[in-house]
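Single-structure report; data block below.
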Amino acid sequence: MGVVIRTAGEGDRDLVVRLLDEAFQDDPVSSWVFPGEEYRRRTHHRLMAAFADAVFADGRIDLTEDGAACALWLPVPADEHTAAEDVPAQIREAVDPENERVELIARLTDGIHPTGRAHEYLWMIGVLPGRQGEGLGTALIESVLDRCDRERLPAYLEASSARGKALYERLGFEFTGRALDLPDGPRMWPMWREPQTR
């Protein structure tokens with residue numbers, strides 16, 4: 001039987017935040033943004049909540065019916081331009097005002113994000129640690145990529161681990177050629193996928 005996927009609603013917010021918090025506790029980028037296991041356990045969920053709220057407002061969150069995995073997608077128009085308000089600074093203020101890395105990661109990823117073409121942006125995809133390797137993430141991504149292919153729309157993401165990068169390559173994403181090395185931290189791989197003909 002296939003993976004059942006539904007669009008998350010506002011009533012799923014707490015579930016989505018808990019899922020992302022648990023899924024990304026050991027992620028290299030999350031560990032860089034929130035160094036120290038105890039600090040990360042206390043604070044990381046606030047960043048996941050800010051991300052979820054932003055996507056509930058402007059994008060779509062796909063959730064497996066059993067609540068074990070979710071994907072956060074944002075449609076990016078071709079003429080996307082930076083808003084007048086300083087979103088990275090606002091996120092830092094809301095999440096952890098003393099942690100400059102909360103703001104820095106937003107600025108750095110924004111700086112490498114492709115512009116000039118409308119695309120779907122896979123901001124985050126999280127699978128509960130005990131459920132990884134079951135194909136849940138692949139099912140979540142493929143459901144949107146199928147639509148991208150039908151609508152001739154590219155897709156974009158930043159891989160935060162070599163394992164993730166390999167999965168995305170199997171799904172047709174290609175490394176853009178310009179990695180993002182976080183200061184004294186891990187590498188991220190920006191990846192782009194042209195719509196494919198099946």
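These numbers come from the heavy atoms of this one structure, side chains and all, not from hydrogens, waters or symmetry mates.
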Of all the heavy-atom pairs spanning [X] and [Y], show the shortest one and how long it is.
| X | Y | result |
| --- | --- | --- |
| W32 | P35 | O-CD, 3.5 Å |
| A69 | L136 | CB-CB, 3.9 Å |
| L128 | G67 | CD1-O, 4.2 Å |
| P114 | H119 | O-CE1, 3.7 Å |
| P88 | A106 | CB-CB, 3.7 Å |
| V16 | C70 | CG1-SG, 4.2 Å |

So do [Y] and [X] actually touch side chain to side chain, heavy atoms under 4.5 Å?
| X | Y | result |
| --- | --- | --- |
| L157 | I125 | no |
| P183 | L108 | yes |
| M48 | M124 | yes |
| R163 | Q132 | yes |
| T109 | M188 | yes |
| V95 | F51 | no |

- prompt: For D66 and R131, what are the C-alpha separation, side-chain angles and deciding distance, and is it a side-chain contact (heavy atoms from CB on, under 4.5 Å)?
  reply: CA-CA 11 Å; D66 62 3; R131 301 290 305 277; 2.9 Å; yes
Is the shortest side-chain N to carboxylate O distance from [X] to [Y] below 4.0 Å?
| X | Y | result |
| --- | --- | --- |
| R107 | E100 | no |
| E22 | R18 | no |
| E37 | R40 | no |

field: L63 vs L15, side-chain contact (heavy atoms from CB on, under 4.5 Å): CA-CA, chis, key distance, verdict
entry: CA-CA 10 Å; L63 182 66; L15 169 64; 3.8 Å; yes
Within the supplied structure, the quantity of interest is the number of heavy atoms (other residues, nucleotides, ligands) at a distance under 6.0 Å from [X] [atom1]; does it exceed 12?
| X | atom1 | result |
| --- | --- | --- |
| E151 | CD | yes |
| R152 | CZ | yes |
| D184 | CG | no |

- request: Please step through side-chain contact (heavy atoms from CB on, under 4.5 Å) for the pair T138 and R170, ending with a clear verdict.
  value: CA-CA 10 Å; T138 299; R170 287 195 301 275; 5.7 Å; no
How long is the gap from [atom1] on [X] to [atom2] on [Y], to the nearest 0.5 Å?
| X | Y | atom1 | atom2 | value |
| --- | --- | --- | --- | --- |
| I141 | C148 | CD1 | SG | 11.0 Å |
| E158 | M191 | CD | CE | 11.0 Å |
| T197 | R150 | OG1 | CZ | 13.5 Å |
| L140 | W73 | CG | CH2 | 9.0 Å |
| Y121 | L74 | OH | CG | 7.5 Å |
| T64 | L19 | OG1 | CG | 7.0 Å |

- request: Check the pair S160 / D27 against side chain to side chain donor-acceptor pair (under 3.5 Å), numbers first and verdict last.
  value: CA-CA 7 Å; S160 61; D27 178 77; 2.7 Å; yes
Taking [Y]'s backbone N and O only, do any of them form a donor-acceptor pair with [X]'s side chain (distance below 3.5 Å, no angle check)?
| X | Y | result |
| --- | --- | --- |
| R193 | P154 | no |
| D146 | S143 | no |
| R60 | T7 | no |
| R101 | V33 | no |
| W123 | A52 | no |

query: Do the ring centers of H44 and F24 come within less than 6.0 Å of each other?
result: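 No, they do not, as the ring centres are separated by 6.0 Å or more.
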query: Aromatic rings Y156 and W192: how do their planes relate, parallel, tilted or perpendicular, breaks at 30° and 60°?
result: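 If you compare the ring of Y156 with that of W192, the planes turn out tilted.
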- prompt: Step by step, would you call E38 with R41 a salt bridge (charged side-chain N to carboxylate O under 4.0 Å, His left out)?
  reply: CA-CA 5 Å; E38 181 57 35; R41 257 198 314 276; 2.6 Å; yes
task: Start with the C-alpha gap between V102 and F34, add the side-chain angles, then the distance that decides, and say whether side-chain contact (heavy atoms from CB on, under 4.5 Å) holds.
output: CA-CA 8 Å; V102 172; F34 300 100; 4.0 Å; yes
- request: Let me know which of D62, L153, D149, L122 forms a side chain to side chain contact (heavy atoms under 4.5 Å, CB included) with V144.
  value: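 Only match with V144 under side chain to side chain contact (heavy atoms under 4.5 Å, CB included): D62.
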